[in-house]
**Student:** 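Just dropping this structure here.
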There are 2 protein chains.
Amino acid sequence: MVVDMLSPDEVDRLFRALADATRRDILTHALTGEHSVTALASRYEMSFAAVQKHVAVLERASLVVKTRRGREQLVTADPDALATARRLLEQYEALWRHRVAAIDALLAED
Amino acid sequence: MVVDMLSPDEVDRLFRALADATRRDILTHALTGEHSVTALASRYEMSFAAVQKHVAVLERASLVVKTRRGREQLVTADPDALATARRLLEQYEALWRHRVAAIDALLAED
DNA sequence: CTAACGTGCAACCAAATGGTTGTAGATATG
DNA sequence: CATATCTACAACCATTTGGTTGCACGTTAG
């Protein structure tokens with residue numbers, strides 16, 4: 001199983017984007033429907049510009065995409081990116097299982 | 001399905017710890033065996049202190065634990081934390097699938 | 001006992017992050 | 001046309017991050 005087709009920088013951006021509660025919340029909403037940036041911003045205490053930056057971070061991590069509808073941008077989540085992140089973690093877990101199997105094999109020799 | 005027993009801060013630390021190539025590499029080695037901090041540090045160009053800080057970040061994220069052996073600290077990965085991270089992402093994916101199912105249901109009405 | 005080793009931590013620095021306000025452009029509305 | 005709305009972006013600021021060097025402390029080796 002190849003580690004991935006993502007560059008280290010892309011993996012960095014992916015996990016970094018997920019490492020903020022506001023961004024995870026935005027992602028959750030983007031997963032359950034289409035929302036304009038203004039509609040998303042109205043959910044949080046911070047300024048519109050701050051939310052717009054968070055959306056930009058999610059966009060650079062390929063977690064969401066924006067599509068124009070008139071004067072607004074609709075933000076929607078890209079489930080493939082999430083699947084990629086999950087797959088990365090599964091590969092780390094697989095490494096662990098491999099280690100456990102090796103230890104088991106050693107113990108079985110006794 | 002409850003989102004998780006982790007606080008938002010703990011989730012932040014988890015993903016943040018994974019958002020650095022050096023730390024992911026350290027984690028990989030910690031998953032495949034026990035290594036002292038010095039042994040890990042010898043693998044990278046940066047100073048010992050820098051690597052020691054990276055290990056501390058992984059430790060605060062509960063991704064690794066350290067156990068003393070004489071004068072050295074052996075770093076080993078905690079697979080449960082990885083499983084937690086993977087489960088978090090699975091829940092986001094589940095949200096997405098729920099949305100797809102809802103759209104499918106709407107289309108089926110026609 | 002003394003010297004070397006492994007670790008942790010403080011102080012410092014440059015760059016990135018997460019927030020703010022203000023401005024400007026594109027699109028819709030009256 | 002004039003105005004309001006939605007978005008993007010620049011400039012600025014405080015804090016955090018990721019690196020450095022230097023030092024102190026506990027443990028092992030000679």
Side-chain angles (χ1 to χ4, degrees), chain A residues 7-30 33-78 85, chain B residues 7-30 33-77:
Chain A
S7 74
D9 278 4
E10 289 170 316
V11 180
D12 286 6
R13 281 196 290 274
L14 223 178
F15 284 126
R16 188 135 227 324
L18 290 169
D20 178 281
T22 301
R23 284 197 292 268
R24 287 193 301 273
D25 198 67
I26 292 174
L27 182 62
T28 300
H29 286 97
E34 290 182 325
H35 306 271
S36 69
V37 182
T38 301
L40 288 171
S42 70
R43 306 187 139 270
Y44 309 98
E45 291 300 305
M46 65 194 77
S47 69
F48 168 83
V51 174
Q52 198 253 333
K53 275 196 195 179
H54 280 307
V55 172
V57 170
L58 289 168
E59 201 178 9
R60 257 177 276 124
S62 302
L63 281 164
V64 303
V65 293
K66 290 188 294 191
T67 57
R68 261 224 123 65
R69 186 183 60 185
R71 63 186 160 187
E72 46 192 3
Q73 292 268 34
L74 298 183
V75 178
T76 58
D78 179 359
Chain B
S7 74
D9 277 5
E10 288 170 318
V11 180
D12 285 6
R13 281 196 290 274
L14 222 179
F15 284 127
R16 188 138 229 322
L18 290 169
D20 180 280
T22 302
R23 283 197 292 268
R24 287 193 299 275
D25 198 66
I26 291 173
L27 183 61
T28 300
H29 285 97
E34 290 183 324
H35 306 271
S36 69
V37 182
T38 301
L40 287 170
S42 70
R43 305 187 139 271
Y44 310 99
E45 291 300 305
M46 67 194 76
S47 68
F48 167 83
V51 174
Q52 196 253 335
K53 276 197 195 177
H54 280 308
V55 172
V57 170
L58 290 168
E59 201 178 8
R60 256 178 276 125
S62 302
L63 281 165
V64 302
V65 293
K66 291 189 294 193
T67 57
R68 261 226 121 65
R69 187 182 61 184
R71 63 186 161 189
E72 48 191 2
Q73 293 268 33
L74 298 183
V75 179
T76 57

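Throughout, a chain's letter reflects where its sequence line sits, starting with A, and its residues are numbered from 1.
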**Student:** Polar atoms only, N or O, under 3.5 Å: list the protein pairs with nucleotides 15-17 of chain D and their distances.
**Tutor:**
none

**Student:** Look at the side chain of B/R23 and the backbone N and O of B/L18, then say whether any donor-acceptor pair between them is shorter than 3.5 Å.
**Tutor:** no
**Student:** Between C1' on D/dT7 and CZ on A/R69, what's the gap in Å once rounded to a whole number?
**Tutor:** 14 Å
**Student:** Run the numbers on B/H54 and B/L40 for side-chain contact (heavy atoms from CB on, under 4.5 Å), then give the verdict.
**Tutor:** CA-CA 11 Å; B/H54 280 308; B/L40 287 170; over 6 Å; no
**Student:** Between the protein and nucleotides 7-11 of chain C, list the N/O to N/O atom pairs that are separated by less than 3.5 angstrom.
**Tutor:**
from  : atom 1 : to    : atom 2 : distance (Å)
C/dT7 : OP1    : B/V37 : N      : 3.3
C/dT7 : OP1    : B/Q73 : N      : 2.7
C/dT7 : OP1    : B/Q73 : O      : 3.3
C/dT7 : OP2    : B/T38 : N      : 2.6
C/dT7 : OP2    : B/T38 : OG1    : 2.2
C/dG8 : OP1    : B/K66 : NZ     : 2.9
C/dG8 : OP1    : B/Q73 : NE2    : 3.1
C/dG8 : OP2    : B/Q52 : NE2    : 3.4
C/dG8 : OP2    : B/K66 : NZ     : 3.3

**Student:** Check whether any side-chain heavy atom of A/V55 lies under 4.5 Å from a side-chain heavy atom of A/Q73, and answer yes or no.
**Tutor:** no
**Student:** A/Y44 OH to C/dG19 P: how many Å, rounded?
**Tutor:** 12 Å
**Student:** Any side-chain heavy atom of A/E72 within less than 4.5 Å of one from A/T38?
**Tutor:**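 No, side chains not in contact.
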**Student:** Which residues pass the side chain to side chain contact (heavy atoms under 4.5 Å, CB included) test with A/S7, sequence neighbours left out?
**Tutor:** A/D9, A/E10
**Student:** Donor-acceptor pair, distance only, cut-off 3.5 Å: does the side chain of A/H35 make one with the backbone of A/H29?
**Tutor:** yes
**Student:** If we only count heavy atoms from C-beta on, is the B/D12 to A/R24 side-chain gap below 4.5 Å?
**Tutor:** yes
**Student:** Nearest whole Å is fine: how far is C/dT17 C1' from A/R13 CZ?
**Tutor:** 15 Å
**Student:** Any side-chain N or O of A/H54 less than 4.0 Å from the OP1 or OP2 oxygen of C/dT17?
**Tutor:**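 No, no such contact exists.
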**Student:** Would you call B/V37 and B/F48 a side-chain contact if the rule is heavy atoms closer than 4.5 Å?
**Tutor:**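 Heavy-atom side-chain distance check passes, below 4.5 Å.
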**Student:** Kindly say if B/S47 contacts the phosphate of D/dT20, meaning a side-chain N or O under 4.0 Å from OP1 or OP2.
**Tutor:** yes
**Student:** How close or far is atom P of D/dG19 from atom CG of B/D20, stated in whole angstroms?
**Tutor:** 6 Å
